[in-house]
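Counting starts at 1 for both ligands and their atoms, following the listed order. No hydrogens, no waters, no symmetry mates; every other heavy atom, side chains included, goes into these values.
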Amino acid sequence: MRKLIIATTNKGKFREMSKALEELPLQIIPLPSHIYVEEGEESYWENAARKAMKAVEMFGEIALADDSGLEVLSLGGFPGSRSKRIGQTDEERINTILRMLEGKGWEEREAIFRCVIAIATPDGRLERAEGIVRGYIAYEPKGEGGFGYDPIFFLPEKGKTMAELDVEEKNAISHRGKALKEAKKILQRLCNECK
Ligand code: ITT
């Protein structure tokens with residue numbers, strides 16, 4: 001069976017990705033060793049593509065990577081592709097956002113999670129999939145599931161934060177879940193082509 005390298009160092013992302021792609025005729029494996037890829041100020045797509053291509057170059061297998069982030073509308077899309085860099089830990093990053101929105105009502109707390117996935121192959125193909133989910137920044141963190149900003153990402157239609165959902169519930173509605181649905185079709189096609 002061909003291998004698919006999930007090029008992420010984030011355990012939360014790996015859990016969601018391997019769950020969503022488990023039915024594919026591909027052996028899903030985490031990064032065999034650390035890859036160093038500088039994430040610049042560029043777009044999500046450039047960052048995702050750089051990570052996936054680096055993994056192909058190092059390990060010679062199909063690789064999938066994602067770059068994702070939180071965008072608060074009243075903050076002009078901040079932190080966006082800088083989502084990882086606004087604190088050292090998830091807790092610090094959450095507190096940065098909560099501080100910036102202190103005293104603001106729900107109408108100024110509207111936000112989007114965005115996920116852009118890149119799939120790179122050893123024969124030089126590069127494919128793209130993406131997804132978004134809309135929600136609001138909660139007034140305080142809630143829930144133990146998920147990772148990153150999930151405890152403050154409130155979903156009005158569920159009446160819950162993203163961190164109150166399990167992996168399958170999150171994948172069913174999340175930015176990454178939507179991108180993974182597209183990615184699954186692309187990978188299925190790549191598998192059929194190489195038979
Ligand atoms: P890799 O680059 O190794 O995949 P990373 O954690 O560095 O892992 P990003 O550069 O895409 O990934 O980080 C974006 C930031 O947004 C980071 O702080 C994540 O915790 C957060 N984030 C991404 N997806 C998220 C999700 O589904 N729920 C909550 N926070 C998320």
Atoms of ligand 1 close to K170 [distance to a heavy atom under 4.0 angstrom, numbered from 1]: 26 (C), 27 (O), 28 (N)
Ligand 1-proximal atoms of F153, by part, heavy-atom distance under 4.0 Å: neither
Give the numbers and elements of all ligand 1 atoms closer than 4.0 Å to a heavy atom of D67. 9 (P), 10 (O), 11 (O)
Relative to the heavy atoms of K51, which atoms of ligand 1 are at a distance of less than 4.0 Å? 1 (P), 2 (O), 4 (O)
Would you check if the side chain of R109 reaches a backbone N or O of L101 as a donor-acceptor pair within less than 3.5 Å? yes
Residues in side-chain contact (heavy atoms from CB on, under 4.5 Å) with K19, at least two apart? E22, V167, E168, N171
Ligand 1 atoms nearer than 4.0 angstrom to some heavy atom of R176 are 23 (C), 24 (N), 25 (C), 26 (C), 27 (O)
Side chains of I119 and I62: closer than 4.5 Å at any heavy-atom pair? yes
K13 to ligand 1: N or O pair under 3.5 Å? yes
May I ask which of S68, G177, G69, A7 has a heavy atom nearer to atom 14 (C) of ligand 1 than the others do? S68
Could you list all the ring pair (Phe, Tyr, Trp, His ring centres under 6.0 Å) pairs where at least one residue sits in residues 137-170, not counting sequence neighbours? W106-Y139, W106-F154, F113-F153
Using a strict 4.0 Å cut-off to heavy atoms of T8, name the atoms of ligand 1 that fall inside it. 1 (P), 3 (O), 4 (O), 8 (O)
Going by the order shown, which atoms of ligand 1 are within less than 4.0 Å of some heavy atom of H175? 24 (N), 25 (C), 26 (C), 27 (O)
